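Bear in mind the structure is a predicted one, so any value in this text is a computation, not a measurement. Chain naming here is simple, since letters A, B, ... match the order of the sequence lines and numbering starts at 1 in each. Just the heavy atoms: all of them, side chains too, but no hydrogens, waters or symmetry mates, feed the values below.
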Amino acid sequence: MKPSIPRGTRDFGPAEMQKRQYIFNILKTNFQLFGYMPIETPSMENITTLTGKYGEEGDQLIFKVLNSRIHESKDDKKELLKREFNLSLEKSYNSEALTEKALRYDLTVPFARYVVMNHHQLTYPFKRYQIQPVWRADKPQKGRYREFYQCDADVIGSNSLINELELIAMMDKSFSELQIPARIKFNNRKILSGIAEVLNATDKIIDITVAIDKLDKIGKEGVIKELSEKGITTEAIKTLEPLIDLSGSNSEKVNVLKQFLNQSEIGKKGIEEIEFLLNNLNTLTIKHIKIELDITLARGLNYYTGTIFEAKADAGTFTPSILGGGRYDDLTGIFGLKGLSGVGISFGVDRIYDVMEELQLFPKEVNKSSSTTILMAYFGEAEQLHCLKLVSQLRTFGIHAEIYPDVVKKISKQFEYADKKQIPFVGVIGGNEMAKNTIMLKNMNTGTQEEVSLEQLIEIVKQ
RNA sequence: GUAGGUAUAGCUCAGCUGGUUAGAGCAUCAGAUUGUGGUUCUGAGGGUCGCCGGUUCGAAUCCGGUUACUUACCCCA
């Protein structure tokens, strides 16, 4: 049988893992620096926890888990299962008889579920970070995986926009340390609601933002064409025109929006929030990222109600979205706990990895093929046990030491191993060394070697 | 869902308008070198040319189908 893994999933070898852990470590360190504490949730959630939170398209992408042991069901239940199965063949249909569990689609919804279940023992505002894989039944493409890691930081139980500012500061610090030139786009769902209100097209808000978002791809005429195809009236399109043309600095955009939304209460609230963020950005000493108001940013997830974020790399040819996030005023409400507003961001590690690979941003230190400093090599069985003793002594000094486990005919095999793993020192033990209680220490980079005592070896190797 | 592309050795790929026994580089193993790796040299092993069918005296090559992978659209991290 030819081995394979499901499409959209990947193995990570030691080379990839070092780079991945480099990213994880930076993010984790910053999360903790900003006061977030870790949690983990199960890979599987009850499917009812997940459905209805991600929009129509998102729900289709949830990985469902078939109920186990359905073949052991009683006969009358089997009849039900057959009916349910037939229904699910005809249309998108969710049957709890067939599948009551699903792999998590993101980390935010499980987090909200966790908060509700642990409400009584949490201290609010509750700040948590979470680094775990999520699954999406998407068609894999470049930068799109079916299993990928998200690194989320959320704070729940606070309405304050200070949280948004702190998140921006954390993005700046994180992307700065990863050396990724990043452009953060932000918007506010209240603005979008306001626009829909002004246009009298509350149900078309997604279509409108999707169309405007394509401006740089299909041009103004294309946008207008798409809008009318989606059933937006000519009059509404005309009203919308200043927004299609919207450009300039963040404050110029705000001025246009103010005019546009002056009849919409929710729109005005959105502007107020955006202005607060823009006016206070300077207190954050943002030094790395670019921040840009983008009213076409919509984001598919249903639960966002306020600020929304998205980040892309601002260099190279491969620039997928590498971070997303926003404020959700009532995600916990669905689970029965009202009045808890939350806001958070999610770093997409796998795409960050791809971007960093393209821009060659990984430092040399994370490209080592081994962390071992010295390999103890030997000629025969007697020397082997002596080496075993030596490596354990070396390790008490914190020296990363390995012993080649198999007695081989030629010692060159052991040198080859050290060479391939880029181990800088090899200590050779033969009859002579055993008798004199010394070690022949070879420096693999220079090719030179000298006979030394254990103490001398430790001195040399520790440098 | 829609539209392209690819499939040949463990890996990356050649293989011309169909013509004997399908090649290269890397990797692997052995030797040159019985106390020494990275360089060099010599040799060896390794393939149902994704699968099924068709055309033909003859198919890795042409045609049809199928599967897998991949890219773009949509949407997303």
Heavy atoms under 4.0 Å, any strand shown: does A:F347 hit a base, just sugar-phosphate, or nothing?
nothing
Suppose you measure atom P in B:C16 against the same atom in B:C11; what distance do you get, rounded to whole Å?
22 Å
Any donor-acceptor pair under 3.5 Å between the side chain of A:D419 and the base of B:G38?
no
Minimum-distance nucleotide to A:K442 side chain [options: B:G37, B:G35, B:C74]
B:G37
Regarding A:Q150, tell me which of base, sugar-phosphate or nothing describes its non-hydrogen contacts under 4.0 Å with the strands shown.
sugar-phosphate
Whole-angstrom distance between B:A3 and B:A9, as gauged at atom P
30 Å
Using Watson-Crick geometry (N1-N3 plus N6-O4 or O6-N4) or G-U wobble (N1-O2, O6-N3), each under 3.5 Å, B:G58 is paired with none
Which of the following nucleotides, B:C75, B:U36, B:C69, is nearest to the side chain of A:R7?
B:C69
Would A:Y417 count as stacked on B:G37 if the rule is ring centres under 5.5 Å and plane angle under 30°?
no
Could you give the OH-to-P distance, from A:Y105 to B:C76, as a whole number of Å?
8 Å
Check: A:Q449 side chain, B:U36 base, donor-acceptor under 3.5 Å:
yes
In whole Å, what is the span from the CD atom of A:E226 to the P atom of B:C73?
14 Å
Nearest-Å distance for atom pair CD/P, residues A:Q141 and B:A77
15 Å
In terms of the nearest nucleotide of RNA chain B, which residue is placed more toward the 5' end: A:K312 or A:P140?
A:P140
Is there a Watson-Crick or G-U wobble partner for B:A7 with both distances under 3.5 Å, and if so, which one is it?
B:U67
For the pair made of CZ in A:F318 and P in B:A72, what is the distance, rounded to whole Å?
8 Å
P-based separation of B:U12 from B:G50 [nearest Å]:
14 Å
B:U2: pairing nucleotide in any strand, Watson-Crick or G-U under 3.5 angstrom:
B:A72
Give A:K420 one of three labels, base, sugar-phosphate or nothing, depending on what nucleic acid heavy atoms sit under 4.0 Å from its own.
sugar-phosphate
Determine the contact category for A:N445: base if any of its heavy atoms lies under 4.0 Å from a base atom, sugar-phosphate if only primed atoms, P, OP1 or OP2 are that close, otherwise nothing.
base
Say you draw a straight line from CD of A:E166 to CD of A:E164; how long is it, rounded to the nearest 0.5 Å?
11.0 Å
Do the rings of A:Y304 and A:Y328 sit parallel, tilted or perpendicular, given the 30° and 60° boundaries?
tilted
When you measure from the side-chain N and O atoms of A:K413 to the phosphate of B:C29, is any distance below 4.0 Å, counting only OP1 and OP2?
yes
Do A:E147 and A:T9 have side-chain atoms, one donor and one acceptor, less than 3.5 Å apart?
no
What is the distance, to the nearest angstrom, from the CG atom on A:L441 to the P atom on B:U36?
17 Å
Quick one: sort the A:F309 and A:F186 rings into parallel, tilted or perpendicular, breaks at 30° and 60°.
tilted
No-H, no-angle donor-acceptor pair, A:R136 side chain to B:C75 base, under 3.5 Å
no
For atom P, what is the distance between B:G23 and B:G53, given to the nearest Å?
26 Å
Answer with yes or no whether the side chains of A:D354 and A:Y145 bring together a donor and an acceptor at under 3.5 Å.
yes
On a whole-Å scale, what distance lies between the P atoms belonging to B:G19 and B:G15?
13 Å
Below 3.5 Å, does any donor atom in the side chain of A:K139 face an acceptor in the base of B:U2, or the other way round?
yes
Rounded to the nearest angstrom, tell me the gap between atom CG in A:L375 and atom C1' in B:G37.
11 Å
Name the pairing partner of B:U33, where a pair is Watson-Crick or G-U wobble with both distances under 3.5 Å, or state none.
none
Using the C1' atoms only, state how far B:U6 lies from B:A14, rounded to an integer number of Å.
15 Å
Can you tell me if A:R144 touches the phosphate of B:C76, counting only side-chain N or O atoms and a distance under 4.0 Å to OP1 or OP2?
no
With heavy atoms under 4.0 Å as the rule, sort A:G143 into base, sugar-phosphate or nothing.
base
On the side chain of A:K142, is there an atom forming a donor-acceptor pair with the base of B:U71 - under 3.5 Å, no angle test?
no
What is the separation between atom CG on A:D354 and atom P on B:U71, rounded to the nearest whole Å?
10 Å
On RNA chain B, check which nucleotide each of A:L323 and A:I5 is closest to and give me the residue with the more 5' one.
A:I5
Identify which nucleotide among B:A77, B:C74, B:G37 has an atom closest to any side-chain atom of A:E310, counting heavy atoms from C-beta outward.
B:A77
Any luck finding a side-chain donor-acceptor pair between A:Q32 and A:Y129 under 3.5 Å?
yes
Looking at A:E433 and B:G35, is any side-chain donor or acceptor paired with a base atom of the opposite kind under 3.5 Å?
yes
Atom C1', compared across B:U67 and B:G31: separation rounded to whole Å:
44 Å
Categorize A:L61 for me: base, sugar-phosphate, or nothing, with a 4.0 angstrom heavy-atom threshold over every strand shown.
nothing
Could you tell me how far B:A27 sits from B:U20 if I compare only their P atoms? Round to whole Å.
31 Å
Should A:E357 and A:K19 count as an ion pair when the cut-off is N to O under 4.0 Å?
yes
Is any side-chain heavy atom of A:V426 less than 4.5 Å from a side-chain heavy atom of A:Q449?
no
For the pair made of CD1 in A:I308 and P in B:C75, what is the distance, rounded to whole Å?
14 Å
Check every strand shown and say whether A:D350 touches a base, only sugar-phosphate, or nothing at a heavy-atom separation below 4.0 Å.
nothing
